[in-house]
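A, B, ... follow the sequence lines: proteins, then strands. Residue 1 opens every chain. These numbers were taken from a predicted model, which means no experiment stands behind them.
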Amino acid sequence: MKKVHSFELNAVPPYSFDLTVHKPAGWWWATPYEIYEADVLWTAMRIRENLIGLKLESLGAPMKPRIGCHVYSESEPREELKGEAQRSIRRALRTDEDLNPFYEMALKDDILRDVVQDLRGMRTQGWQDLFPALILVVTLQMAPMRRSSHMMDLLLRSFGDRISFEGREVTYWPSPSKIARTDEKDLWNVAKLGYRARNLKSIADELVGGFPTMEELSEMPYEEAKGRLMTLRGIGDYSADLVIGRMGIPLDVWSAKIFHVLFFSKVPESPRESIPELRRVATQRWGEWASHAFVYILNDLPRISQRIGFDLTKF
DNA sequence: GCGTCCAGGTCTACC
DNA sequence: GGTAGACCTGGACGC
C-alpha cells in the first residue's frame, strides 16, 4: 500500500492521544492487531468495502493537541472516500468533544475526582466502523473475557484481512459481505462462535442489505440510533449502548460487580439483578456524563483499587 | 478425572 | 406487558 492522503486534526484541549488510542484497560482503537509505538498508531479502517491503512501520530501535547493522519491504499481513492475517511477518523478520535464540563462535575464527586486526574484528556471509545463494534459486542455476550478474545482472534485470523504498509502489517476485521458469504457452520466450527454464529451472520446480512453506517448512526439522536441497532438479531440493550458509546451505561455482570462495590461498598449477591438499580444510581449521580464516568472508571481499576483498598481487577 | 456451574445477554414461549 | 428457560463453549472449582 502507498500513502495517498495526509491531513492534520486539532482537538479541544486537554486531549491525550496516548490514552485515547491505547486505553489503559487494554482496548484497541480499531483492531487488536494494530501497532502502537511511541505516540504513533499503525492501524486500518474499512470504508464501504475499501480497506485502508492508517498511520496516526501525536504531533502536539495534551494542552496543544495536534494529530497527524496518513491514509494508505492500494489505489488512488476517490475524493469522496477521502472525505469520508477524514470524517470517520475525526469522529472516532473524538477530537471535537469538550471534556471540561465533565471534569468540573467530576472534581465534586468522591469516586471520580482522582480518576479524571489519572486519565486527563482520555476520550471514550469512538468506533470508526460499525461491523467490528458489532462483532465485539456479540462475542462479549455470555462468555468470560478469555473466551470472547478467543472468538474474536479466530474471526480475525480465519476471516479477516491482512494489509501491509511502510513495513508494518495489520490484520483487520472481516467485512460484512465476507461473513454474509460464509456458511453459518463455518462460523460455528472455525470461529467457535456457538449460538452466536447465527446472530453474527444475520447482522452481516442486514449490513450488506443496507443498514445505516457508524457515521450515519452517530448523526441520529441517541434513542433513534439505539432503536435501529436493536432491530439487529442478537443486539439488545447492553450491546446497543456499547456500540453507540454515548449516553447509555452498558452495565453487564462484570461491571455491575465493580460499580456495586463503588456505590455500596460490597459485592452484589446477584449482579445481573442489581443492574437496574446501579443504572439508576449512576444516572442520578453523574447525569449526562454517566457514560463517560463508566468508561473512565473501567480504565482506572488498578489505581482505584489501591485507593479504596479493594481489588476491583479480580472480577 | 469427572461433574457442575456460570460467564462483560438476548430471544422466545408462555402466562 | 412481564418473565422463566434455553443457549455454545470452556475454564474454574469441588469432590
Side-chain angles (χ1 to χ4, degrees), chain A residues 23-28 32 124-125 127 132-159 179 182-207 211 225-246 248-263 267-282 290-302 304-305 311-315:
Chain A
K23 294 272 188 299
W27 293 106
W28 54 88
T124 54
Q125 186 67 42
W127 304 107
L134 290 165
I135 291 176
L136 170 72
V137 296
V138 165
T139 54
L140 279 178
Q141 295 167 10
M142 275 309 276
M145 198 56 225
R146 187 194 289 256
R147 172 146 157 68
S148 300
S149 298
H150 188 215
M151 287 186 272
M152 285 187 270
D153 198 47
L154 291 171
L155 272 170
L156 277 157
R157 286 195 285 144
S158 308
F159 304 101
I179 297 301
T182 303
D183 197 312
E184 188 182 315
K185 281 196 187 110
D186 288 338
L187 293 175
W188 189 295
N189 296 324
V190 179
K192 303 277 179 203
L193 290 186
Y195 73 95
R196 301 168 195 83
R198 190 175 165 200
N199 294 352
L200 192 65
K201 189 152 168 62
S202 166
I203 289 169
D205 288 340
E206 289 288 330
L207 264 56
F211 193 82
K226 186 168 177 177
R228 292 299 294 267
L229 285 169
M230 286 177 69
T231 63
L232 297 171
R233 184 184 167 80
I235 300 301
D237 190 57
Y238 162 81
S239 300
D241 270 338
L242 212 51
V243 171
I244 296 173
R246 279 188 261 164
I249 313 162
L251 280 157
D252 46 39
V253 166
W254 167 70
S255 52
K257 291 176 190 164
I258 291 164
F259 281 84
H260 203 279
V261 171
L262 291 175
F263 290 155
V267 180
E269 282 178 24
S270 172
R272 210 178 282 282
E273 284 170 23
S274 71
I275 289 174
E277 168 71 354
L278 292 168
R279 184 169 282 135
R280 193 185 61 72
V281 174
S291 69
H292 280 73
F294 181 82
V295 175
Y296 265 68
I297 286 168
L298 296 183
N299 273 286
D300 204 30
L301 295 180
I304 299 174
S305 299
D311 185 10
L312 295 168
T313 64
K314 69 180 179 183
F315 295 126

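- Checking side-chain atoms of A:S158 against main-chain N and O of A:L155 turns up no donor-acceptor pair under 3.5 Å.
- Rounding to whole angstrom units, CZ of residue A:R196 and P of C:dC7 are separated by 14 Å.
- Of the possible donor and acceptor atoms, one in the side chain of A:S305 sits under 3.5 Å from a partner among the backbone N and O of A:L312.
- Spacing of P atoms, C:dC8 relative to B:dC2, comes out at 25 Å, to the nearest Å.
- Rounded to an integer number of Å, the gap from CG of A:L187 to P of C:dC8 is 14 Å.
- Non-hydrogen atoms lying under 4.0 Å from DNA chain B are contributed by A:L232, A:R233, A:G234, A:I235, A:G236, A:D237, A:Y238, A:S239, all within residues 230-239 of chain A.
- For the contact set between residues 139-155 of chain A and DNA chain B, defined by any heavy atom under 4.0 Å, the members are A:L140, A:Q141, A:M142, A:A143, A:P144, A:M145.
- Here the shortest heavy-atom pairing between A:Y195 and A:M142 reads OH-CB, 3.5 Å.
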**OP:** Please lay out, stage by stage, how A:L134 and A:F211 fare under the test side-chain contact (heavy atoms from CB on, under 4.5 Å).
**Re:** CA-CA 13 Å; A:L134 290 165; A:F211 193 82; 5.8 Å; no
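- At distances below 3.5 Å, at least one donor-acceptor pair connects side-chain atoms of A:N299 with backbone N or O atoms of A:V295.
- Across the protein-nucleic acid pair, A:N199 atom CG and C:dT9 atom C1' stand 15 Å apart, rounded to whole Å.
- Per the geometry, CG belonging to A:L251 stands 16 Å off C1' belonging to B:dA7, to the nearest Å.
- The backbone N or O of A:R246 lies less than 3.5 Å from a partner atom in the side chain of A:S291, making a donor-acceptor pair.
- Straight-line distance between the C1' atoms of B:dC5 and C:dC7: roughly 15 Å, to the nearest whole Å.
- Side chain of A:W127 to backbone of A:L242: a donor-acceptor contact under 3.5 angstrom is found.
- The base-pairing partner of C:dC8, taking Watson-Crick or G-U wobble contacts with both distances under 3.5 Å, does not exist among the strands shown.
- Checked against C:dG10, B:dG8, B:dG9, the side chain of A:W254 finds its nearest nucleotide in B:dG8.
- Comparing the P positions of C:dC13 and B:dG8 gives a spacing of 13 Å, expressed to the nearest Å.
- B:dG3: Watson-Crick or G-U partner is C:dC13, with both key distances under 3.5 Å.
- For A:S255 and A:D252, the side-chain atoms include at least one donor-acceptor pair closer than 3.5 Å.
- The distance between atom CG of A:D252 and atom P of B:dC6, rounded to the nearest whole Å, is 17 Å.
- Here B:dT10 presents its P atom at 16 Å from CZ of A:R198, a figure rounded to the nearest Å.
- For residues 135-157 of chain A, the salt bridge (charged side-chain N to carboxylate O under 4.0 Å, His left out) pairs, not counting sequence neighbours, are A:D153-A:R157.
- The CG-P distance, from A:L229 to B:dC11, rounds to 12 Å in whole Å.
- Counting non-hydrogen atoms of neighbouring residues, nucleotides and ligands closer than 6.0 angstrom, the NZ atom of A:K226 exceeds 12 such neighbours.
- Across the C1' atoms, B:dC6 and C:dA6 are found 14 Å apart, a figure rounded to whole Å.
- Remark: C1' of B:dT10 and NZ of A:K201 are 20 Å apart, rounded to the nearest angstrom.
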